[in-house]
K.L.:
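The structure that follows is given in the form of structure tokens.
What you see below is based on every heavy atom in this structure, not just the backbone, and it leaves out hydrogens, waters and symmetry mates. Indexing begins at 1, ligand by ligand and atom by atom, following the structure's order.
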Amino acid sequence: MADTLTITDNRTGKQYNLPITDGTIKATDLRQIKVDDEDGGLSTYDPAFMNTSACRSRITFIDGDKGILEYRGYPIEQLAEHSNYLETAYLILFGELPTAAQLTTWITEITFHTMLHENIKKLMEGFQYDAHPMGVFLSTVGAFSTFYPDAKQIFDEKSRKKQIHRLIAKVPTIAAYAYRHSIGRPYNYPDNDLSFTGNFLNMLFRMTELKYHANPVLERALAVLFILHADHEQNCSTSAMRGIGSSHVDPYSAMAGAAAALYGPLHGGANEAVLRMLNEIGSVQHIPDFIKRVKAGEGRLMGFGHRVYKSYDPRAKIIKKTADEVFEVTGKNPLLEIALELERIALQDEYFVTRKLYPNVDFYSGLIYQAMGFPVEMFPVLFAIPRTSGWIAQWEEMILDPEQKIARPKQVYIGAARRDYVPLTSRS
Ligand code: CMC
């Protein structure tokens, strides 16, 4: 029979025909296969969701074997070359590239929401001087839910749109304040005459000058990096956004959780970890020894490997080119030599070749950020700013999807069987 999977239960001889749709069977269809009359039916065991689709999505397409990444059908290479971050964010959120009029309105709407409430500033001032900016970032995003209680109206389209504008517009301001806080400098207010990335650089780096003008090459490089990081389908932080959002909490609270997931060194914290690794290696002579240790299981080659890409990450290719443009302006990052040699050696090494471990987006992004003057602690924050568009697009898609419910994976219980409570005095 076409488009069905026939399963024969050897214990009972019964046959089950499960429909195949879009290359998947429905996990709940397995429930009809019973082990005995009492049980809830067969289920799948899939730690880390290695082979389970949890949603149907129209936002981002990835072919990990071929190294393809598309937002709403547009190849990442074309967007990185021709688009800018706000246009790409519009595409991701609303499904189509904006017309000229739509883009003007969108930019105006975002620009009008870049300021933070003064009490948010006070809240941020309460953090220790050495607080990690990503900790400050995710806490502040969570605190937004108390400033915008209207965000609870998640089924009201107008309210959702308002939160979208606020989130896209305000995350660079939070990020810049977190950075200024960490270096003990006064916060810079947004300058609405500037581009999205131009204004961000202004809030980060303006000193006493009345008007800040970023170097156009760096302003553009940051826009390209933001485009590359805007969405990446069902990764760890996006799954967190969808999972938390499935309880119908407001998007700020959900996004605080997504940002927390991004903070981890296996996800958005990897670019920070790459820089620390390169510093630790210190010189090209130490690379063979470092590779040996990685192969012996003593740590990972950070910035290498990906759950989905089993070939060169297409984002890493674009970033390598952007790095050259940035280094023309800033001078070469001295760690670049180590990174290039590390990549060359790893790509020839049987350990990495057989496991299909290639450089991912984070391998070179940190080198660019560092050359642009960002401290390593800011790297995950720089990932979170553009990923905000992906998170909220995925969140909204989930909210509007009639097939979605509150997320609740099953478990296979392997703990103690039922037993009676033992009073404290009788325990040995
Ligand atoms: N260095 C050394 N060995 C590695 C690495 C690495 N970076 N990545 C995977 N492996 C090995 C791993 O030890 C395992 O070997 P074996 O089969 O002998 O046990 C095999 O490759 C498969 O690894 P895995 O951990 O099962 O793969 P995964 O899909 O669960 O992990 C990953 C994906 C990205 C977490 C992992 O490759 C990793 O830890 N990379 C380093 C961290 C990193 O760069 N993260 C950024 C990801 S891209 C940005 C983002 O989207 O967040």
K.L.:
Counting heavy atoms only, which part of L357 comes closer than 4.0 Å to ligand 1: side chain, backbone, both or neither?
P.N.:
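L357 to ligand 1: side-chain contact only, backbone stays beyond 4.0 Å.
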
K.L.:
Parallel, tilted or perpendicular for F200 and F226, by the 30°/60° rule?
P.N.:
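Geometry flag for F226 against F200: tilted rings.
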
K.L.:
Are any of the N or O atoms of H232 closer than 3.5 Å to those of ligand 1?
P.N.:
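No, no N or O pair falls under 3.5 Å.
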
K.L.:
Counting only nitrogen or oxygen atoms and a 3.5 angstrom limit, does G303 reach ligand 1?
P.N.:
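Yes.
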
K.L.:
Does any N or O of ligand 1 fall below 3.5 Å from an N or O anywhere on R300, backbone included?
P.N.:
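Checking ligand 1 against R300, an N or O pair does fall under 3.5 Å apart.
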
K.L.:
Nearest protein heavy atom to atom 3 (N) of ligand 1: under 4.0 Å?
P.N.:
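Yes; the ligand atom in question has protein heavy-atom contact below 4.0 Å.
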
K.L.:
Report yes or no: do Y252 and Q163 form a side-chain donor-acceptor pair below 3.5 Å?
P.N.:
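Yes - a donor-acceptor pair under 3.5 Å links their side chains.
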
K.L.:
Quick one: does N360 get an N or O within less than 3.5 Å of an N or O on ligand 1?
P.N.:
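Yes, there is a polar N/O contact under 3.5 Å.
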
K.L.:
When you compare ligand 1 with F304, is there at least one nitrogen or oxygen pair between them that comes in under 3.5 angstrom?
P.N.:
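Yes - when backbone and side-chain N and O of F304 are compared with those of ligand 1, one distance drops under 3.5 Å.
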
K.L.:
Under 4.0 Å from atom 27 (O) of ligand 1, can you find at least one protein heavy atom?
P.N.:
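When distances to the protein are checked, atom 27 (O) of ligand 1 has no heavy atom within 4.0 Å.
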
K.L.:
Could you check R58, Q404, R242 and say which one makes a side-chain hydrogen bond (donor to acceptor under 3.5 Å, both in side chains) with E397?
P.N.:
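Single pass found, and it is R242.
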
K.L.:
Heavy atoms of the protein only: does one fall short of 4.0 Å from atom 8 (N) of ligand 1?
P.N.:
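There is a protein heavy atom less than 4.0 Å from atom 8 (N) of ligand 1.
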
K.L.:
Is there at least one pair of N or O atoms, one from K310 and one from ligand 1, spaced under 3.5 Å apart?
P.N.:
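N/O-N/O distance below 3.5 Å does not exist for this pair.
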
